Structures are given as structure tokens and as C-alpha cells.
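Written below as C-alpha cells is the structure these notes are about.
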Number of protein chains: 2
Amino acid sequence: MKKVDIFKKLRSSGLRPTKQRVEIAKFLFEREKTFHFTVESLENQLAKKSTCKFALATIYNTIHAFKKAGHLSEVDVRGKKTYFDTNITNHHHFYDGETSELIDIDSSEVVIQKIPKAPNGKKIKNVEVFINLKN
Amino acid sequence: MKKVDIFKKLRSSGLRPTKQRVEIAKFLFEREKTFHFTVESLENQLAKKSTCKFALATIYNTIHAFKKAGHLSEVDVRGKKTYFDTNITNHHHFYDGETSELIDIDSSEVVIQKIPKAPNGKKIKNVEVFINLKN
DNA sequence: TTTTTACTTTAGAATTATTATAAACTAAAT
DNA sequence: ATTTAGTTTATAATAATTCTAAAGTAAAAA
Ligand SMILES: [Mn+2]
Ligand SMILES: [Mn+2]
Ligand SMILES: [Zn+2]
Ligand SMILES: [Zn+2]
């Protein structure tokens with residue numbers, strides 16, 4: 001992902017390309033594979049990788065803007081912290097409660113044969129399959 | 001559900017049948033259908049229905065004991081509050097983001113044809129299907 | 001290029017859900 | 001009845017997140 005694309009991600013999220021935001025965007029999107037993170041893990045990794053400082057509020061503001069713009073998705077995991085996902089395709093998850101680790105499952109790996117129809121007046125927005133793991 | 005059964009639920013959760021706990025157990029389990037709740041909603045409804053007072057800590061302690069004993073389950077919902085469920089069978093959920101309402105889906109209503117195998121050394125504990133609704 | 005404007009970063013305070021504490025209270029055992 | 005172990009409660013503490021407002025910076029205007 002080129003600098004131009006990073007700038008596009010920011011601009012399309014309504015954000016000026018500041019030092020902090022560019023660093024965050026590069027950390028999130030300049031990689032081969034998508035990944036899952038919490039704000040806490042992101043903060044720690046940014047602190048290591050980057051020279052500049054990041055206020056927590058800046059991290060929260062930036063990822064919320066990315067989420068609103070559709071560049072990040074959120075995953076529901078039992079627990080207190082919110083998990084974010086740079087994989088914004090429709091997909092599913094394994095969740096390893098031992099390690100608190102999320103693993104992606106491509107949509108094509110899950111085939112649902114039967115599903116109930118949505119209640120009166122409602123439509124199905126999407127279907128999420130969550131597979132809990134044990135040892 | 002009889003008083004005897006309420007007492008059993010409490011005792012099997014390692015809890016003495018005190019006034020508050022009996023009230024909570026009756027509110028949760030003495031009904032035809034199962035339901036979903038947050039601690040906040042439970043607190044509000046107990047305050048209306050019951051004469052005695054409930055400290056928040058008592059409510060938390062009691063539902064945690066019920067959960068540990070398998071009399072309650074927890075549902076992952078996007079958001080900050082924890083949702084509990086008096087339906088402890090394996091089942092799935094519709095979630096209406098507009099109303100923050102959870103609706104049960106019986107296991108038999110969902111048939112999964114294909115699912116990936118668990119990663120190395122891990123086994124599948126359970127599969128949760130979460131259907132987001134829109135208008 | 002300077003000036004102006006609007007947006008951004010930041011440290012710290014506030015908020016919210018939840019958990020911990022410890023003193024006063026109560027069920028159960030003796 | 002007395003003792004013991006468990007319970008309730010108000011309150012404090014914690015943890016994740018959001019808010020605030022002052023100081024800083026990017027972009028627009030002059
Ligand atoms: Mn939880
Ligand atoms: Mn969540
Ligand atoms: Zn994912
Ligand atoms: Zn349910």
C-alpha cells in the first residue's frame with residue numbers, strides 16, 4: 001500500500017493526514033494480511049514501532065473514523081475490550097478463549113443450508129458465525 | 001416453577017436462599033418463556049416488582065453464581081453492557097440493532113452444511129450464529 | 001509567504017460498567 | 001442460645017472508553 005493510498009484512506013474517512021494518523025494508518029493497512037486488534041494492543045505496538053507519541057484519544061478518534069468510513073470492522077467477543085478487524089469482508093471467526101485469539105474464516109468456508117426468516121418487517125443484514133474453540 | 005425448585009437453583013449454585021436471591025431467582029426463572037437481560041434492566045425491573053432493596057453487588061454476585069452453575073448463559077452483543085440469557089440450551093440469535101433486542105433462534109432452525117475444521121490441536125466447543133437485522 | 005481559519009493533539013477529567021472491600025447483618029450449624 | 005460461616009450493602013476501586021479545553025498544526029485565504 002502506497003503513501004497515496006494511505007492518504008486516500010484518511011481523506012475518505014474525513015481525516016487530515018497528520019503525523020499520528022499516517023502512522024496509525026500505515027500500521028493498520030500496510031501489511032500483507034489483515035489482523036485483529038484492541039485499542040490497547042494497538043497502542044502498545046505503535047509505541048514500539050513509532051518514534052512519535054500517541055495520545056489514547058487520538059487512537060480512539062482515528063479508529064472510530066476508520067470504522068465509520070468502513071475501513072475497519074468490529075468483532076463481538078465476550079469480554080470487556082472491543083476488538084477491531086482490518087478484514088472488512090464478510091467473514092466468520094474462530095475464537096480461542098484460552099489465548100483470546102481471533103482467527104478468520106473465509107465466507108466460502110461456511111455454508112449454511114437453513115436459516116429462519118427475519119421477524120415481521122425486518123430484514124437480514126448479515127450472518128455472523130462464531131466458532132468457540134477448546135483444547 | 002415451585003419454591004422448591006427455586007431453592008434448588010440457589011443451592012446448586014452454592015448460594016443460600018436469602019430474601020434477595022430468592023426474589024432474583026423467581027424473577028429470572030418463574031416464567032413461561034426464557035428471556036435476555038442486562039444487569040441494568042434486571043435492576044430496574046426488580047426495583048419495580050419487589051419490595052426489598054437490591055444492592056448492585058448482590059445482583060452481580062447472584063447472576064455470576066447462576067452463570068457459573070450453568071443456570072444462565074451470556075450472549076455476545078456489540079456494545080458495552082453484558083447480556084445474559086435464561087435460555088441455556090444451544091441456540092442462536094437475531095439481533096435488532098435498532099431496538100438492541102435479542103431474539104432466540106432454536107438450534108433446529110439453523111442447519112450448517114459446511115464448516116472449517118478447528119486449527120491444530122484445538123477442538124470446536126460450540127458454534128454460535130448471530131443474525132443482524134435491519135429494517 | 002504571511003495570515004487566518006478550521007481542524008487536531010494532548011493530558012487530564014469524566015463517564016460507564018463492573019469488581020473489590022469491609023462493616024453490619026442473617027442463615028444455618030452446634 | 002450461641003457460634004460460625006456466609007451475605008448484603010454502601011462505598012471505593014478499577015478498567016475501558018469518551019469528553020474537554022487548551023495548545024499545536026495543516027490547509028485555505030490573502
Ligand atoms: Mn462480559
Ligand atoms: Mn463488544
Ligand atoms: Zn476477522
Ligand atoms: Zn438467547
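Throughout, a chain's letter reflects where its sequence line sits, starting with A, and its residues are numbered from 1. This one's a predicted model, so the numbers in the text were calculated from it and none came from an experiment.
- Note: CD (A/E23) to C1' (D/dT25) measures 16 Å, nearest angstrom.
- Under the 6.0 Å distance and 45° angle rule, A/K122 does not count as a cation-pi partner of B/F94.
- Note: CG (B/L10) to P (D/dG6) measures 16 Å, nearest angstrom.
- For B/K9 and B/F66, the positive end is not near the middle of the six-membered ring at less than 6.0 Å and at most 45° from its axis.
- The interatomic distance linking B/R11 (CZ) with D/dG6 (P) rounds to 12 Å, in whole Å.
- A cation-pi arrangement, defined by a distance under 6.0 Å to the six-membered ring centre and an angle within 45 degrees of its axis, is present between B/R31 and B/F35.
- Residues satisfying the side-chain hydrogen bond (donor to acceptor under 3.5 Å, both in side chains) criterion with B/D85, sequence neighbours excluded, are B/H36, B/H91, B/H93.
- Atom NZ of A/K67 and atom P of D/dT17 are 11 Å apart (whole Å).
- Residues passing the side-chain hydrogen bond (donor to acceptor under 3.5 Å, both in side chains) test with A/N120, sequence neighbours excluded: none.
- Between B/E40 and B/P17, it is B/E40 whose nearest contact on DNA chain C lies nearer the 5' terminus.
- Residues meeting the salt bridge (Lys or Arg N to Asp or Glu O under 4.0 Å) test with B/D104, sequence neighbours left out: none.
- No side-chain N or O of B/T86 forms a donor-acceptor pair with one of B/H71 less than 3.5 Å apart.
- For residues 47-63 of chain A, the side chain to side chain donor-acceptor pair (under 3.5 Å) pairs, not counting sequence neighbours, are A/E23-A/S50.
- Phosphate proximity of D/dA16 to A/T38: absent, as no side-chain N or O sits under 4.0 Å from OP1 or OP2.
- Straight-line distance from the OH atom of B/Y83 to the P atom of C/dA17: 11 Å, rounded to whole Å.
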List, with names and distances, any nitrogen or oxygen atoms from the protein found under 3.5 Å away from nitrogen or oxygen atoms belonging to nucleotides 8-11 of chain C.
unit_1	atom_1	unit_2	atom_2	d
C/dT8	OP1	A/R16	N	3.0
C/dT8	OP1	A/R21	NH1	2.5
C/dT8	O5'	A/R21	NH1	3.4
C/dT8	O5'	A/R21	NH2	3.4
C/dT9	OP1	A/T18	OG1	2.3
C/dT9	OP2	A/R21	NE	3.2
C/dT9	OP2	A/R21	NH2	3.3
C/dT9	O3'	A/Q20	NE2	3.1
C/dT10	OP1	A/Q20	NE2	2.8
C/dT10	OP1	A/K53	O	3.0
C/dT10	OP2	A/A55	N	3.0
C/dT10	OP2	A/T58	OG1	3.3

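- Residue B/Y60 has a polar side-chain atom (N or O) positioned under 4.0 Å from OP1 or OP2 of C/dT18.
- Remark: C1' of D/dT8 and NE2 of B/H64 are 17 Å apart, rounded to the nearest angstrom.
- Summary for the helix from C/dT1-D/dA30 to C/dT30-D/dA1: the axes at its two ends, each from 5 pairs, differ by 20° when rounded to the nearest 10 degrees.
- B/Y83 and B/F37 have their aromatic ring centers separated by at least 6.0 angstrom.
- The distance between atom NZ of B/K80 and atom C1' of C/dA14, rounded to the nearest whole Å, is 13 Å.
- Remark: P of D/dT8 and CD1 of B/I59 are 11 Å apart, rounded to the nearest angstrom.
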